[in-house]
Amino acid sequence: RDTLWTGRFIVALSLSTLFAVGFNTLVPLLPLYLASFSASDSEIGLVVGSFGIGALVFRPLSGQLTDRFGPKRITIFGAAMFALSTPLMATTSAVPLLLALRLLQATGLVCFWTASTALGMSTAQPNRMGMAMGFLGMTGSVGGLLAAPFAVPLADAVGWQGAFLVMAVLCGIFFALGFVVGRSSGAGAETAAEVAEENLPPGEKPSAMPAPAYIPKSQQAAVGEMGGEQTTPETDLSFYNNVETNAPDGQAESDAEQKQ
């Protein structure tokens, strides 16, 4: 269908929005959590700011990983890193460990965000790519709007560990949706090249090209003469010599007998 709003794209959009909600829930909670065990202002700034440094370093690498291993695998990998590192932050007050976990979060986020965007784009028709990118880019803002009013009340209601656990549960949903989108995007395309092939019109896909008709070797010389070529049949029609699998039953054996 020539429409953006397919089931696959809606699932991909929901995946990015839920991730944005989980990430933006952490943004206002982390400084308050650090202040709760009397971390200094410089330590709070260091832990919060380390995320930006990690994202800056790992974002180009996330694109290379997505091209090499495919958007589905890297989407799930990014969600796993974010899901594992987030609840662990509520179990420690050691600043060095929090810095390490924050860098893991940054790596997970940029891998997830880059790969999930590529995954969402793979569900769109070529003439809807710009619109798809606009809606996928909007999910970060939507996630911030949805998360900001509830982050602090959530921590007050269930405590720090409970709030971080809620974010981990959201990451579990990212796993499930990542599998759903990955299975339904294209025909299970894994790499960037396969995604590009899946987005070609049906008549232009390599898999849609018809196999050449089988021409027995005893008739190849006549075909060469009809084409007006002056070269030998072996040079002229050597391509057909490799298409034995398309021969009718028993024809390959007949050709072998005639050759003898």
Side-chain angles (χ1 to χ4, degrees), residues 15-66 69 71 73-118 137 139-175 177-178:
L15 175 67
S16 295
T17 303
L18 282 173
F19 189 87
V21 170
F23 169 72
N24 284 286
T25 301
L26 182 64
V27 171
L29 290 183
L30 186 57
L32 298 176
Y33 171 65
L34 293 168
S36 69
F37 53 81
S38 303
S40 66
D41 292 344
S42 59
E43 289 175 332
I44 294 174
L46 183 62
V47 173
V48 173
S50 63
F51 184 91
I53 298 173
L56 180 65
V57 171
F58 291 111
R59 191 174 291 276
L61 179 61
S62 70
Q64 295 177 2
L65 292 174
T66 300
F69 297 105
R73 292 191 181 102
I74 302 304
T75 296
I76 296 170
F77 171 75
M81 294 194 70
F82 198 89
L84 291 174
S85 58
T86 298
L88 290 176
M89 297 189 72
T91 65
T92 181
S93 60
V95 172
L97 184 55
L98 287 170
L99 280 171
L101 291 172
R102 192 67 171 151
L103 289 174
L104 283 178
Q105 279 187 332
T107 304
L109 181 135
V110 297
C111 286
F112 177 91
W113 212 267
T114 300
S116 65
T117 299
T139 57
S141 300
V142 173
L145 289 172
L146 293 176
F150 303 105
V152 175
L154 176 66
D156 290 339
V158 299
W160 295 115
Q161 291 185 346
F164 283 98
L165 183 61
V166 168
M167 286 180 278
V169 170
L170 284 177
C171 290
I173 298 175
F174 308 153
F175 275 109
L177 289 177

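If you're wondering where the values come from, they're calculated on a predicted model, not measured in any experiment. Counting begins at 1 with the first residue of the sequence.
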Is any side-chain heavy atom of [Y] closer than 4.5 Å to one of [X]?
{"X": "Leu61", "Y": "Phe58", "value": "yes"}
{"X": "Phe82", "Y": "Phe19", "value": "yes"}
{"X": "Leu46", "Y": "Glu43", "value": "no"}
{"X": "Leu15", "Y": "Phe112", "value": "yes"}
{"X": "Leu30", "Y": "Val47", "value": "yes"}

Considering residues at least two apart in sequence or located in another chain, which fulfil the side-chain hydrogen bond (donor to acceptor under 3.5 Å, both in side chains) criterion with [X]?
{"X": "Thr139", "result": "none"}
{"X": "Ser16", "result": "none"}
{"X": "Ser42", "result": "Ser40"}

**Asked** side chain to side chain donor-acceptor pair (under 3.5 Å): which pairs involve residues 97-108, sequence neighbours left out?
**Response** Thr86-Gln105, Arg102-Gln105
**Request:** Please confirm whether the backbone N or O of Ser116 pairs with a side-chain atom of Thr75, one donor and one acceptor, at under 3.5 Å?
**Result:** yes
Minimum heavy-atom distance between [X] and [Y], given as atom pair plus value:
{"X": "Thr66", "Y": "Ser62", "answer": "OG1-O, 2.8 Å"}
{"X": "Ala55", "Y": "Ala106", "answer": "N-CB, 3.7 Å"}
{"X": "Gly143", "Y": "Asn24", "answer": "C-ND2, 3.8 Å"}

Which atom pairs, one a donor and one an acceptor, fall under 3.5 Å between side chains of residues 88-101 and the rest of the protein, sequence neighbours left out?
residue, atom, partner, partner atom, Å
Thr91, OG1, Leu88, O, 2.6
Thr92, OG1, Ala94, N, 3.1

**Asked** Roughly how far apart are Leu103 CG and Ile53 CD1, rounded to 0.5 Å?
**Response** 8.0 Å
**Prompt:** What residues form a ring-ring contact (aromatic ring centres under 6.0 Å, His included) with Phe37, not counting sequence neighbours?
**Reply:** Tyr33
